[in-house]
Amino acid sequence: MSFGIQAKELNDYLSLTRPLWSRATNSLSILNCVQVEVQYGYVMLTATNLDITVIRKVEVIDPEPRDEGVAMAIPGKDLAVALKGVKGLIVCTPDLDNLSFRVGVNGIVLDLDCRDETEFPPSMGILADGVASAWDLQVLAHELRRVKECAGVDPGRLAYTGIDTKLFEGGATIAATNGHVLGVRRFADPDFTAEINAIIPGSLGRYIPRKVAAGIDAALVLGAERGSLKWESNRIDFRLIQSMYPTWEKLIPEKFEHGFTVDQESFLRTVFRVGQMAQDNTHALKVHHLAAGNVELCTTTKDVGTCSATVWADDCTEFPGFAVSAVYLADILGQCAAGPVRIELNESLQPISVTSADGWQALIMPIRVVV
């Protein structure tokens, strides 16, 4: 019972799902495995950490018709090592009697020990009763990764590790915050008609391939406790975070009294250059308004003294000086699209808004220092 498959298909899947199968605990060692279910003409690859399951259907060269599928649980690390650097077609032979998976690579035959497939967690199954929305996969993946940069990492504040997702009639919003910065992306789509509010895992975008062509349709389905993202021969099932997300909408003022526009690339470069001199725990970067549309960025260090740089700003109104974390500001600017970036505020100790040309908006909380 053998079949042929391109090594690239397996290597791409193993690379994409590595965080799932490489971090299992000893008590759940079966999660270190990738399930390979062999059917006539294709195999189903499955990896999971119980919260996120990534499933991919891959076509194979299958000379042997069969009535029933064969499923095996293969340690992901062993399979990755066996296929490291391998290209082209490989021949695989599952052996259920001896719980082994034989891989023929460049004339060399490798036997990989397998686990009992019945130990592998069952699939969450197709979500049939959720709220569905249609997306361009490339756009969705990019925005999920961008918003994720503002999410928290503390498992003690589980809601902050997720992405607040709101679907409503005429559009959608996704947002994430760690308590210091807030990232928001708004979408207008007349095809969105149903309403739902859910917290999806912040790592969801990690399991969408980075090299995705434009124009691939994806379906995001959200239910009461879990969700699903489907495109082509791929499906990601995930559990929603059951918690209350902070009401971030109240942090965004209806209007801003002050602001200025800078070039994303040059401003980011200046923030990084000046900000790396900050030596205290806050990485405080002070921003001042100068005459004739100039904005000064400065920081003070014990060893060097004051380090400052001036950048040109368009549409600049006089604004009160403020201080922010250079690390957070650089992270936010790094997520902005190339081109003009609008920075706005009302008062020194109120949130500062950063908006890029493509509609991405982030708020950063100021630091209380003498400016």
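In this chain, residues are counted from 1 in sequence order.
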Problem set entry | Ion pair D12/R56, N-O distance below 4.0 Å | no
Exercise. Is the backbone of T46 close enough, under 3.5 Å, to the side chain of T48 for a donor and an acceptor to pair up by distance?
Worked result: no
For this session: Keeping the roles fixed (side chain from Q138, backbone from V212), state whether a donor-acceptor pair exists under 3.5 Å.
Result: yes
Seminar exercise, completed: So CG of N178 and CG of D331: to nearest 0.5 Å the spacing works out to 9.5 Å
Problem set entry | Side chain Y245, main chain N197, donor-acceptor under 3.5 Å | no
For this session: Look at the side chain of D217 and the backbone N and O of W231, then say whether any donor-acceptor pair between them is shorter than 3.5 Å.
Result: no
Exercise. Which is it for V184 and W248 under the side-chain contact (heavy atoms from CB on, under 4.5 Å) test, yes or no, and what are the steps along the way?
Worked result: CA-CA 9 Å; V184 181; W248 53 265; 3.8 Å; yes
Exercise. Can N294 and T310 be counted as having a side-chain donor-acceptor contact under 3.5 angstrom?
Worked result: no
Exercise. Which value, rounded to the nearest 0.5 Å, describes the distance between L79 atom CG and L10 atom CG?
Worked result: 6.0 Å
Problem set entry | Any donor-acceptor pair under 3.5 Å from H283 side chain to A326 backbone | no
Problem set entry | From CD1 (I90) to NZ (K8), nearest 0.5 Å | 13.5 Å
Exercise. When R185 is tested against each of Q361, R146, Q335 for side-chain contact (heavy atoms from CB on, under 4.5 Å), which residue passes?
Worked result: R146
For this session: Verify whether one side chain among N98 and S100 offers a donor that lies under 3.5 Å from an acceptor in the other.
Result: no
Exercise. Can R145 and E149 be counted as an ion pair, charged N to O under 4.0 angstrom?
Worked result: no
Exercise. Side chains of M44 and Y42: closer than 4.5 Å at any heavy-atom pair?
Worked result: yes
Exercise. How close do I236 and F238 get, heavy atom to heavy atom, and via which atoms?
Worked result: O-CD2, 3.7 Å
Exercise. Between Q39 and E37, does any side-chain donor sit less than 3.5 Å from a side-chain acceptor?
Worked result: yes
Exercise. Is K166 salt-bridged to E249, cutoff N-O under 4.0 Å?
Worked result: yes
Exercise. Given the rule that I, L, V, M, F, W and Y join up when any side-chain heavy atoms are under 4.5 Å apart, are F192 and L140 in one cluster?
Worked result: yes
For this session: Flag the pair L99 / D113 as yes when at least one side-chain heavy-atom distance between them is below 4.5 Å, and no otherwise.
Result: no
Problem set entry | Partner set under ring-ring contact (aromatic ring centres under 6.0 Å, His included) for F120, not counting sequence neighbours | none
For this session: Could you pull out the closest heavy-atom pair between D111 and R102, with the gap in Å?
Result: OD1-NE, 2.9 Å
Problem set entry | Flag, side chain of S233 to backbone of K57, donor-acceptor distance under 3.5 Å | yes
Exercise. Can you tell me how far CG of L251 sits from OG of S353, rounded to the nearest 0.5 angstrom?
Worked result: 11.5 Å
For this session: Please determine if R157 forms a cation-pi arrangement with Y160, meaning its NZ or CZ atom is less than 6.0 Å from the six-membered ring centre and no more than 45° off the ring axis.
Result: yes
Exercise. Any chain of hydrophobic side-chain contacts (each under 4.5 Å) joining L297 to I364?
Worked result: yes
Seminar exercise, completed: Looking only at heavy atoms, the pair that brings P121 and L31 closest together is CG-CD2, 3.5 Å
Problem set entry | T299 side-chain N/O to A284 backbone N/O, donor-acceptor pair under 3.5 Å | yes
Exercise. Which one of L167, L222, D189 satisfies the side-chain contact (heavy atoms from CB on, under 4.5 Å) criterion with S133?
Worked result: L167
Problem set entry | Joint hydrophobic cluster, M365 plus V354, side-chain heavy atoms closer than 4.5 Å | no
For this session: Please report the closest heavy-atom contact between S228 and R235, naming both atoms and the distance.
Result: OG-CG, 3.5 Å
Problem set entry | Neighbour count above 12 (heavy atom, 6.0 Å) for E119 CD | yes
Problem set entry | Shortest non-hydrogen separation from P201 to I163 and the atoms involved | O-CD1, 4.4 Å
For this session: Please work out whether the ring planes of W135 and F187 are parallel, tilted or perpendicular, with thresholds of 30° and 60°.
Result: perpendicular
Problem set entry | Exercise: identify the closest heavy-atom pair between A80 and W21 | CB-CH2, 4.1 Å
For this session: In sequence, state the C-alpha distance, the side-chain angles, and the governing distance for V91 and F3, and then conclude on side-chain contact (heavy atoms from CB on, under 4.5 Å).
Result: CA-CA 6 Å; V91 178; F3 63 90; over 6 Å; no
For this session: Evaluate the criterion side chain to side chain donor-acceptor pair (under 3.5 Å) for residue pair T355 and R342; output intermediate values, then yes/no.
Result: CA-CA 5 Å; T355 307; R342 183 68 178 170; over 6 Å; no
Exercise. Is a side-chain donor-acceptor pair under 3.5 Å present for T173 with R186?
Worked result: no
Problem set entry | Spacing of R210 atom CZ and S15 atom OG [to the nearest 0.5 Å] | 10.5 Å
Exercise. Between D164 and I199, is there a donor-acceptor pair closer than 3.5 Å when you use the side chain of the first and the backbone of the second?
Worked result: no
Exercise. Do W312 and F260 have their ring centres less than 6.0 Å from each other?
Worked result: no
For this session: Would you indicate whether E225, at its atom CD, is surrounded by more than 12 heavy atoms from other residues, nucleotides or ligands within a distance under 6.0 Å?
Result: no
Problem set entry | Test item: T161 side-chain N/O and G152 main-chain N/O as donor-acceptor pair under 3.5 Å | no
Exercise. In Å, rounded to the nearest 0.5 Å, how long is the span from CD of Q35 to CG of L45?
Worked result: 9.5 Å
